Amino acid sequence: MLKTEISRQVIDGFRRRDKHAQETIYKLCYAEFMKVALRYTKSYDDAADLLHDSFIRIFTKADSYKGSGDFVGWMKRILINAAIDHCRLKQTRPQVEIGHAAEEMNQRNNEEKHYVADEHQLITLIRSLPEQQVLVFNLYVMESYSHQEIADALDISVANSKWLLFSARKTLKEKIINLQHG
């Protein structure tokens, strides 16, 4: 999460739509929010567009922040929702037949070994997945959404969410093994 604290004075200015407060928030949050946006997009340009759209939403919804609760968390939720919308616009949503995928997932999870790759390699590997897998993986692993929350947000079934996560993990594991073996 964001390492820099945002003062109450800046938050109050933000709620009054003060341009200086908006600029301060933008500067404080840009780097951390860009990392989040990069996880949901295939390129830096797409991430910059997503982040720009998110800040516009944040600034236009200033009056919906009531002053209680985690301000950065409120902004991050808007960013995540914008990422979901971004991914929805770029893809069709095929439903996946899952058969006995849950059993296979549990069996493979028990067999998995842990591999280490640096952050840049992992981000590159995640971004190489199909967009819906990227979205489900990020929401589940990075944002701690439940499969029900993912299903509701993406208008898919819980089983489809689980299958997409399973597929993403399987593909990532294969790609990491390939990286290790050259």
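In this text, all values refer to a predicted model and were calculated from it rather than measured experimentally. All residue numbers refer to positions in the sequence shown, counting from 1.
- Asn178 and Glu174 share no donor-acceptor pair across their side chains, judged by distance under 3.5 Å alone.
- Between Phe71 and Phe14, the gap from one ring centroid to the other is short of 6.0 Å.
- Rounding to the nearest 0.5 Å gives a distance of 8.0 Å between CE of Met34 and OG1 of Thr41.
- The structure places CG of Leu154 at 4.5 Å from CG of Leu135, a figure rounded to the nearest 0.5 Å.
- Asp70 and Tyr65 get closest at one heavy-atom pair: C-OH, 4.3 Å.
- A donor-acceptor contact shorter than 3.5 Å links the side chain of Glu149 to the backbone of Ser146.
- For the pair Arg127 and Ile123, the minimum side-chain heavy-atom distance is below 4.5 Å.
- Qualifying side chain to side chain donor-acceptor pair (under 3.5 Å) partners for Arg39, counting only residues two or more places apart in sequence or in other chains: Glu143.
- Between Lys19 and Glu23 no salt bridge is recorded (no basic side-chain N to carboxylate O distance below 4.0 Å).
- Closest heavy-atom contact between Ala21 and Gly13: CB-C, 3.5 Å.
- Remark: Gln22 engages no residue in a side chain to side chain donor-acceptor pair (under 3.5 Å) (not counting sequence neighbours).
- Under the 4.5 Å side-chain criterion, counting only non-hydrogen atoms from C-beta, Thr171 is not in contact with Ser128.
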**Report entry** Candidate pair Ser161 and Tyr140, rule side-chain contact (heavy atoms from CB on, under 4.5 Å), full reasoning
**Finding:** CA-CA 9 Å; Ser161 175; Tyr140 187 84; 5.9 Å; no

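- From Lys173, atom NZ reaches atom CD1 of Ile177 across 5.5 Å, with rounding to the nearest 0.5 Å.
- Separation of atoms OG (Ser64) and CZ (Arg15) is listed at 9.5 Å; rounding is to 0.5 Å.
- With rounding to the nearest 0.5 Å, the separation of CG in Asp18 from CG in Asp12 is 10.5 Å.
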Report task. Show the numbers, then the answer: is there a side-chain contact (heavy atoms from CB on, under 4.5 Å) between Val134 and Lys42? Result -> CA-CA 9 Å; Val134 171; Lys42 298 281 185 189; 4.3 Å; yes

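- Atom CZ of Arg17 has more than 12 neighbouring heavy atoms from other residues, nucleotides or ligands inside a 6.0 Å radius.
- Under the 4.5 Å side-chain criterion, counting only non-hydrogen atoms from C-beta, Phe33 is in contact with Val72.
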Query - Working for side-chain contact (heavy atoms from CB on, under 4.5 Å), residues Phe166 and Val136 - result: CA-CA 10 Å; Phe166 166 75; Val136 171; over 6 Å; no

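- The only member of Leu139, Asp46, Leu79, Ile84 that meets side chain to side chain contact (heavy atoms under 4.5 Å, CB included) when paired with Tyr40 is Leu139.
- Considering only heavy atoms from C-beta on, Asp49 stays 4.5 Å or farther from His86 through its side chain.
- Distance check, rounded to the nearest 0.5 Å: CD of Gln133 to NZ of Lys170 gives 10.0 Å.
- Residues Leu129 and Ala168 approach most closely at CD1-CB, 3.8 Å, considering heavy atoms.
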Query - side-chain contact (heavy atoms from CB on, under 4.5 Å) between Val36 and Glu32, worked out - result: CA-CA 7 Å; Val36 174; Glu32 290 296 318; over 6 Å; no

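- Residue Val158 is not grouped with residue Leu165 when hydrophobic side chains (ILVMFWY) are merged at heavy-atom distances under 4.5 angstrom, including chains of intermediate members.
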Identify each donor-acceptor pair in which a side-chain atom of residues 52-61 lies under 3.5 Å from a protein atom, sequence neighbours left out, and give them as a table.
unit_1	atom_1	unit_2	atom_2	d
Ser54	OG	Leu50	O	2.8
Arg57	NH1	Asp85	OD2	3.1
Arg57	NH2	Asp85	OD2	3.1
Thr60	OG1	Ile56	O	3.0
Thr60	OG1	Arg57	O	3.1

